[in-house]
Amino acid sequence: MQLAHWGSGERRVAECATCGKEFTRKPSQLEKYESNYCSRACRAVGIVGPNLKLRQGQWLPCKMCDKPVWRTSATLQRYTYCSRQCANKDPDMRAREKPNMQGPKHFRWRGGISFLPYAPGWTPRLRESIRERDGNTCRICGFAPEPEVAGELVIHHIDWGKTNHDPSNLMTLCRGCHARLHHHGKPGAISFQTPYQSRPARS
């Protein structure tokens, strides 16, 4: 199975030599290394073993899942997490963020609409029809993924709302363009009829 990701080209599924977890890597990396690891912690275990010391450091449990994480004096922090996912699950993480970057005080606050549900009619059939109308192609960059990674395409509301599901207010975007549009763009700045410039096809 091959997975395509924004800007990274072809990806293939590999199995971590330490924990057996499946993850994706570039084919060149799979060919270059005899063993592949899903994280630095697993790589350290695979190279030196769980009971040996690598330089000057120590094994610490992840605050959320207790997975062992190797920490040196340079990477030692107050709290230890094995991944960004575990860090985001920690309820104390939000409490440690800067107060002026939360809720209405954040410069991109839009009234909390991200917490609101979609209006009735936001169905898988509707989203699939929009993808078919747009040729299963991102309307900004022209990215057209393989069928097995069709989840790379999302449906964007042009007015940035969650109530108007009229096809003229919907367009197909890849996840990368969708994130950049919400971060740098503004509502109504682009429509599903806007011509796009195709980027080179991925191998």
Side-chain angles (χ1 to χ4, degrees), residues 1-17 19-33 35-40 42 82-89 108 110 113-203:
M1 178 181 178
Q2 297 179 356
L3 300 176
H5 291 265
W6 174 265
S8 59
E10 181 185 356
R11 310 281 289 192
R12 294 180 182 175
V13 175
E15 184 176 314
C16 178
C19 68
K21 176 183 176 181
E22 289 189 346
F23 63 103
T24 60
R25 296 201 74 177
K26 294 181 179 180
S28 59
Q29 294 174 320
L30 295 177
E31 296 173 358
K32 182 177 180 180
Y33 302 105
S35 300
N36 292 274
Y37 305 96
C38 65
S39 65
R40 292 183 179 180
C42 282
C82 66
S83 64
R84 172 54 58 184
Q85 287 74 16
C86 275
N88 291 338
K89 293 178 182 178
R108 289 197 175 276
R110 299 185 62 242
I113 62 172
S114 63
F115 300 104
L116 300 177
Y118 285 95
W122 185 244
T123 63
R125 178 177 296 181
L126 172 64
R127 296 192 290 273
E128 183 60 30
S129 68
I130 299 301
R131 292 190 187 95
E132 292 178 356
R133 181 201 67 186
D134 294 340
N136 290 303
T137 302
C138 174
R139 294 305 304 169
I140 291 182
C141 70
F143 173 48
E146 296 297 327
E148 60 265 26
V149 288
E152 290 291 310
L153 296 177
V154 298
I155 305 304
H156 167 67
H157 285 77
I158 296 172
D159 64 359
W160 289 25
K162 290 186 174 182
T163 59
N164 183 7
H165 303 326
D166 188 273
S168 63
N169 188 48
L170 303 174
M171 63 186 297
T172 304
L173 298 177
C174 68
R175 293 186 181 278
C177 286
H178 191 223
R180 278 189 288 276
L181 181 61
H182 276 280
H183 189 71
H184 300 291
K186 58 182 179 180
I190 188 171
S191 75
F192 75 95
Q193 297 176 326
T194 302
Y196 59 82
Q197 296 182 348
S198 298
R199 67 187 182 202
R202 302 177 183 181
S203 57

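- Applying the side chain to side chain donor-acceptor pair (under 3.5 Å) criterion to Gln29, with sequence neighbours excluded, gives Arg25.
- Using modelled atom types, no side-chain atom of Asn36 and backbone atom of Ala14 make a donor-acceptor pair closer than 3.5 Å.
- Tested against Asp134, the residues Leu173, Thr172, Ile155 include a single side-chain contact (heavy atoms from CB on, under 4.5 Å) partner, Thr172.
- Residues that satisfy the side-chain contact (heavy atoms from CB on, under 4.5 Å) test with Ala144, not counting sequence neighbours, are Thr137.
- Side-chain atoms of Arg11 come within 3.5 Å of backbone N or O of Thr24 as a donor-acceptor pair.
- Side chain of Arg133 to main chain of Pro167: a donor-acceptor pair is present (N/O by atom type, distance under 3.5 Å, no hydrogens or angles).
- For the atom pair OG (Ser168) and CD1 (Ile130), the distance works out to 9.0 Å, reported to the nearest 0.5 Å.
- Summarising the geometry, atom CG belonging to Asp159 is positioned 5.5 Å from atom CG belonging to Asn164; distances are rounded to the nearest 0.5 Å.
- Taking Thr163 as the reference, Ala119 meet the side-chain contact (heavy atoms from CB on, under 4.5 Å) condition, with sequence neighbours excluded.
- Residues satisfying the side-chain contact (heavy atoms from CB on, under 4.5 Å) criterion with Asn88, sequence neighbours excluded, are Arg84.
- Considering only residues two or more places apart in sequence or on other chains, Glu128 meets the salt bridge (Lys or Arg N to Asp or Glu O under 4.0 Å) condition with Arg131.
- Evaluation of the side-chain contact (heavy atoms from CB on, under 4.5 Å) rule for Ser129 yields Leu126 as partners, not counting sequence neighbours.
- For Tyr33, the OH atom sits in a loose shell: 12 or fewer heavy atoms of surrounding residues, nucleotides or ligands are nearer than 6.0 Å.
- Judged as a ring pair (Phe, Tyr, Trp, His ring centres under 6.0 Å), and not counting sequence neighbours, the contacts of Tyr118 are Trp122, His157.
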